[in-house]
J.: 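If you scroll down you'll find the structure; I have some questions about it.
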There are 2 protein chains.
Amino acid sequence: MTTTKRGRPRSFDREAALVQATLLFWQHGYEGTSISDLTAAMGISPPSLYAAFGDKRALFTEVVDRYGTTFGAFMEDALARERDPRAGFARMLEEAAVSYTDPGHPAGCLVISAATNYSPQTADVEQDLRARRTANVGSFEARLEDARARGALPEDADTRALAVYFAAVVQGMSQQARDGASTQELRRVARLAMNAWPEPPA
Amino acid sequence: MTTTKRGRPRSFDREAALVQATLLFWQHGYEGTSISDLTAAMGISPPSLYAAFGDKRALFTEVVDRYGTTFGAFMEDALARERDPRAGFARMLEEAAVSYTDPGHPAGCLVISAATNYSPQTADVEQDLRARRTANVGSFEARLEDARARGALPEDADTRALAVYFAAVVQGMSQQARDGASTQELRRVARLAMNAWPEPPA
DNA sequence: CTGATTTTACAGCGATCGCTAAAGAAAGTG
DNA sequence: CACTTTCTTTAGCGATCGCTGTAAAATCAG
């Protein structure tokens, strides 16, 4: 069943096509990327796209999911791999500065910028990305709560405010990157941002 | 010439129509707002809109210009009216927290969020708002340079990095507001953000 | 009043949107 | 070979996009 290969084989590389779709959505957003743009970049015709990926919405979801496990994976990785919570957030911001300005792909973060302007009929796409960002804030807060429980943050530290703050800084860095900020500028922003981290309870 | 009033008078309030257009563009962005949406909210027909405002692009420009002198005026006001530069930036962030979550209008900042996803044919609109944001960063930097010259910042303060940092924080706060953050949360973010301000040269 | 001027509502332009029916082309199966 | 399955291309669907031609309606000047 799973490996039966009957019928005419697909004549294009599905993964390569997905990468092209990712680059387009990343740069121009969901509504700013048309099926015509996608098929041109993928080198296929509309029916092939629909047969391989469903519809535009399903393709976008697949793109975003793949983005989270590749380009966007540095976030949770940085928080998880650094033992010291403060070092984890610092590393996350540093890596954001590098990733958001990588000339190998569009600037900024796809999840942050790909669906900010929603017309009524694409409100669900906007809501999807919003949920991912909200989950990210929650992830920050959980990590900060964990840090406090382990004594890496003062007992009275405002973990909720810190979580929203770090999310805002990351989103702001993404926007700045799209507006043309350099890697160096964003690295310095990342270091400035870490001044908000409270002193440990001594 | 200027006050000649010949012909049929306009049957709608141009200012009120402009406010309606502002609210729509603010919430749904440039591309997410159609002429049909606009005429419905304004209570007029397409020819009336085109006669009064030119085309969609001109209407949007007028909306953004008006936004800058009303809703968005708190930024330069805060920097200009506080004598102490640090107090000026702190006040700007505090007022952003309030304005971006004001239930009387859409969340966040129109200049920041109304044209982030640009399809090729609207790249000029995107570029227009981008220029306004870049000018804002430059304004921050000028104010910081002024602060350093007057001894309110250390001689070795990185004014460029601070300017990009504050711009990123403001943009992040706008995004967080659109994602549902509360006024209180953003106020606490504003206070945390001020920790990046360098100590005065003693 | 008549005539000139401007705005109005109605209808629809060409272009593009996301998407798909139809039929031919390329593979495996017998 | 014939048959089934799947992908391909061609062509175009209905809907919406920004925008406008046309003519009636409403005000002015004389």
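Each chain gets a letter, A, B and so on, in the order the sequences are listed, and its residues count up from 1.
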J.: When the ring planes of B/W197 and B/F166 are compared, do they come out parallel, tilted or perpendicular, using 30° and 60° as the limits?
T.: tilted
J.: With sequence neighbours excluded, tell me which residues meet side chain to side chain contact (heavy atoms under 4.5 Å, CB included) with B/Q127.
T.: B/R130
J.: We want to know whether A/D37 and A/S34 form a side-chain donor-acceptor pair, criterion being a heavy-atom distance below 3.5 angstrom.
T.: yes
J.: Using a strict cut-off of less than 4.0 Å between a Lys/Arg side-chain nitrogen and an Asp/Glu carboxylate oxygen, indicate whether A/R57 and A/D128 qualify as a salt bridge.
T.: yes
J.: Extract all donor-acceptor atom pairs below 3.5 Å that involve side chains of residues 19-28 of chain B and protein atoms in other chains or at least two apart in sequence.
T.:
unit_1 : atom_1 : unit_2 : atom_2 : d
B/T22  : OG1    : B/L18  : O      : 2.8
B/W26  : NE1    : B/G108 : O      : 3.1

J.: Tell me, please, which residues at least two apart from A/T122 pass side chain to side chain contact (heavy atoms under 4.5 Å, CB included).
T.: A/Y30, A/E31, A/Y118, A/S119
J.: Between D/dC7 atom P and A/R14 atom CZ, what is the distance in whole Å?
T.: 11 Å
J.: Can you tabulate the close N/O pairs, meaning under 3.5 Å, that link protein atoms to atoms of nucleotides 1-6 of chain C?
T.:
unit_1 : atom_1 : unit_2 : atom_2 : d
C/dT6  : O2     : B/R8   : N      : 3.3

J.: Check side chain to side chain donor-acceptor pair (under 3.5 Å) between B/D156 and all other residues, then give those that pass, not counting sequence neighbours.
T.: none
J.: If I take atom CZ in residue B/F60 and atom P in nucleotide D/dG18, what distance separates them, rounded to the nearest angstrom?
T.: 13 Å
J.: In whole angstroms, how far is the P atom of C/dG18 from the CG atom of A/L59?
T.: 11 Å
J.: Does any donor atom in the side chain of B/N136 or B/S139 lie under 3.5 Å from an acceptor atom in the other side chain?
T.: no
J.: Give me the residues of residues 19-55 of chain A where at least one heavy atom lies under 4.0 Å from an atom of DNA chain D, by number, or none.
T.: A/S45, A/P47, A/S48
